[in-house]
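Below: the structure, in structure tokens.
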There are 2 protein chains.
Amino acid sequence: MTAAHDHTPEDEQPFEIAGLRIDILEGAFSWYIRSIDFAVSKDLDARMGHLEVAKGKGKITTLFLIDDYPGIRPSAIAGVLMRDRPATGRIIDKLVTAGLATRETHAGDARAQALHITPKGHALAEEVREIIRQQEREFFDVIPDEDRDQFMRLLKRAYMGIRDKWQ
Amino acid sequence: MTAAHDHTPEDEQPFEIAGLRIDILEGAFSWYIRSIDFAVSKDLDARMGHLEVAKGKGKITTLFLIDDYPGIRPSAIAGVLMRDRPATGRIIDKLVTAGLATRETHAGDARAQALHITPKGHALAEEVREIIRQQEREFFDVIPDEDRDQFMRLLKRAYMGIRDKWQ
DNA sequence: GCAAAGTAGTTGTGAAGAACAACTACACTT
DNA sequence: AAGTGTAGTTGTTCTTCACAACTACTTTGC
């Protein structure tokens, strides 16, 4: 019944976004990554709008790292975030200003700092963990159960490869 | 028939980033998406730094849409970009200012605009297509050949699901 | 020991981007 | 012809970002 209408094979079916085709981007990993990022970041902002670590790219990771590694140095955080030191320092500024973490001079190397979580910061970390879990459940429910492991495996692999290259 | 069952041991190992574990984010789709996006966007900026459509989130897609759909309206582009009209309008401003596209009143609806590519814009679109192809080859070479189709399929599926939810 | 070079983090600055709201102009409906 | 809805612009304000210059401390080499 649809035979005469469209001859494109099943796995190469025309892929329309809002009724339009997007040229070469249709087959570009980068486009999907960037688009999904845009949506997931907005969704996360909405879920965390009322919290002090909302918006921006490194606050949540930084909060968790300080919570999990008492005495961690800013430069170690920068390594995880793939950001430079000024950017990392300013993220830490915000956490300290908000009373979520403390900065001390590192025992043994007075150039470095030792970061510690505050009770308020720890409580917030717990709250954020729950929000992340919730987002994974609610936002990514579009990924069928049978695909989840595979998708995660591929994302991790891509991430690790990209990260190695970047260093 | 299904040969995709080779279970790599890396799936079960503790997953460290720069020697640190990242708490609940280790199992969060959002974290990998956001991290890969960060890296891929930086890489793209580096590859296109000299061009007029470098940086930001919608210029490339907009350029392609205007190139492929002569007379397209800004609101149609906004639909693809998932952005609001002010944001879309300002992207178009930049393309027009740079001499890459033209704005006319839409024949038949004087509220709307009809966008057209200029020769310069078309040439740039060609150049950008080649850069995207190159990035897909060089940057995403970390994805093994045998995983590419599957990864693309999963990304498309996730994207479409997220997009549907959006509207 | 002491100068030189390297490392850790801060500050300054200027350019871009993002969200929201208010506004003009035109189209469609009744 | 009035009211409602749609298309797009402008204005404002708040962040964010990248780069460079700077201070303070540590390590190395002679």
Side-chain angles (χ1 to χ4, degrees), chain A residues 18 34 37-39 41-46 48-62 66 71-98 101-115, chain B residues 18 34 37-39 41-46 48-62 66 71-98 101-115:
Chain A
R34 285 161 64 92
D37 170 77
F38 183 72
S41 296
K42 270 184 112 159
D43 179 77
L44 196 57
D45 284 347
M48 307 214 315
H50 57 297
L51 302 178
E52 276 139 325
V53 290
K55 302 251 176 193
K57 286 207 197 288
K59 295 200 204 75
I60 296 171
T61 308
T62 302
I66 297 175
I72 192 173
R73 303 150 74 120
S75 55
I77 295 173
V80 175
L81 297 183
M82 300 193 280
R83 314 286 296 268
D84 60 10
R85 284 191 245 289
T88 307
R90 283 181 166 122
I91 289 170
I92 295 168
D93 283 347
K94 281 175 193 146
L95 299 188
V96 171
T97 301
T102 61
R103 265 199 263 236
E104 305 162 31
T105 298
H106 200 282
D109 188 346
R111 292 171 303 181
Q113 300 173 349
L115 304 173
Chain B
R34 283 161 65 93
D37 169 77
F38 183 74
S41 295
K42 268 183 112 159
D43 179 79
L44 196 56
D45 284 347
M48 306 213 317
H50 58 297
L51 302 180
E52 276 137 327
V53 290
K55 303 249 179 196
K57 285 201 201 283
K59 295 200 205 75
I60 296 170
T61 308
T62 302
I66 296 174
I72 193 173
R73 303 149 73 118
S75 56
I77 295 172
V80 174
L81 297 183
M82 299 192 281
R83 314 285 295 268
D84 59 9
R85 285 192 243 290
T88 308
R90 282 182 167 121
I91 290 170
I92 295 168
D93 282 348
K94 281 176 192 144
L95 300 189
V96 171
T97 302
T102 60
R103 265 199 262 238
E104 304 161 32
T105 299
H106 200 282
D109 187 344
R111 292 171 302 180
Q113 299 172 350
L115 304 172

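Being a predicted model, the structure only gives us computed values, none of them experimental. In what follows, every chain begins at residue 1, and chains take the letters A, B, ... in the order their sequences are listed.
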Would you mind reading off the distance between [X] atom [atom1] and [N] atom [atom2], rounded to a whole angstrom?
| X | N | atom1 | atom2 | result |
| --- | --- | --- | --- | --- |
| B/K57 | D/dC17 | NZ | C1' | 12 Å |
| B/R103 | D/dG8 | CZ | P | 10 Å |
| A/R83 | D/dT16 | CZ | C1' | 9 Å |
| A/D84 | C/dT11 | CG | P | 15 Å |
| B/I77 | D/dT9 | CD1 | P | 11 Å |
| A/E104 | C/dA8 | CD | P | 19 Å |
| A/D45 | C/dC20 | CG | C1' | 15 Å |
| B/K42 | D/dT16 | NZ | C1' | 13 Å |

Any A/R103 side-chain heavy atom under 4.5 Å of A/L115 side chain:
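SC-SC contact between A/R103 and A/L115 confirmed.
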Kindly indicate whether the side chain of B/D84, heavy atoms from C-beta on, has any atom under 4.5 Å from the side chain of B/T88.
no
Among the nucleotides C/dA8, D/dA18, C/dA18, whichever has the atom closest to the side chain of A/A112 is C/dA8
Out of C/dA8, D/dG8, C/dG17, which has the shortest distance to the side chain of B/K55?
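Within the option list, the nearest is C/dG17.
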Separation of [Y] [atom2] from [X] [atom1] (nearest 0.5 Å):
| X | Y | atom1 | atom2 | answer |
| --- | --- | --- | --- | --- |
| A/R83 | A/I77 | CZ | CD1 | 12.5 Å |
| B/L81 | B/I60 | CG | CD1 | 11.0 Å |
| B/S41 | B/K57 | OG | NZ | 5.5 Å |
| B/T61 | B/I66 | OG1 | CD1 | 11.0 Å |

Quick tally for nucleotides 24-30 of chain C: nucleotides whose base has a protein heavy atom under 4.0 Å get B, sugar-phosphate-only ones S, the rest -, giving --BS---
Please confirm whether the backbone N or O of B/I91 pairs with a side-chain atom of B/K59, one donor and one acceptor, at under 3.5 Å?
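Not confirmed, B/K59 side chain does not pair with B/I91 backbone.
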Quick one: does any side-chain atom of B/K94 pair with a main-chain N or O of B/R90 as donor and acceptor, under 3.5 Å?
no
Using a cut-off of strictly less than 4.0 Å between a heavy atom of the residue and any atom of DNA chain C, enumerate the qualifying residues of residues 85-95 of chain A by number.
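Residues of residues 85-95 of chain A under 4.0 Å from DNA chain C: A/R85, A/P86, A/G89, A/R90.
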Donor + acceptor pair across side chains of A/R85, A/S75 (<3.5 Å):
no
Ignoring backbone atoms, establish whether A/S75 has a side-chain N or O less than 4.0 Å from OP1 or OP2 of C/dT7.
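Checking A/S75 against C/dT7: no side-chain N or O falls below 4.0 Å of OP1 or OP2.
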So, does A/K59 get its side chain near the phosphate of D/dT16, meaning an N or O under 4.0 Å from OP1 or OP2?
yes
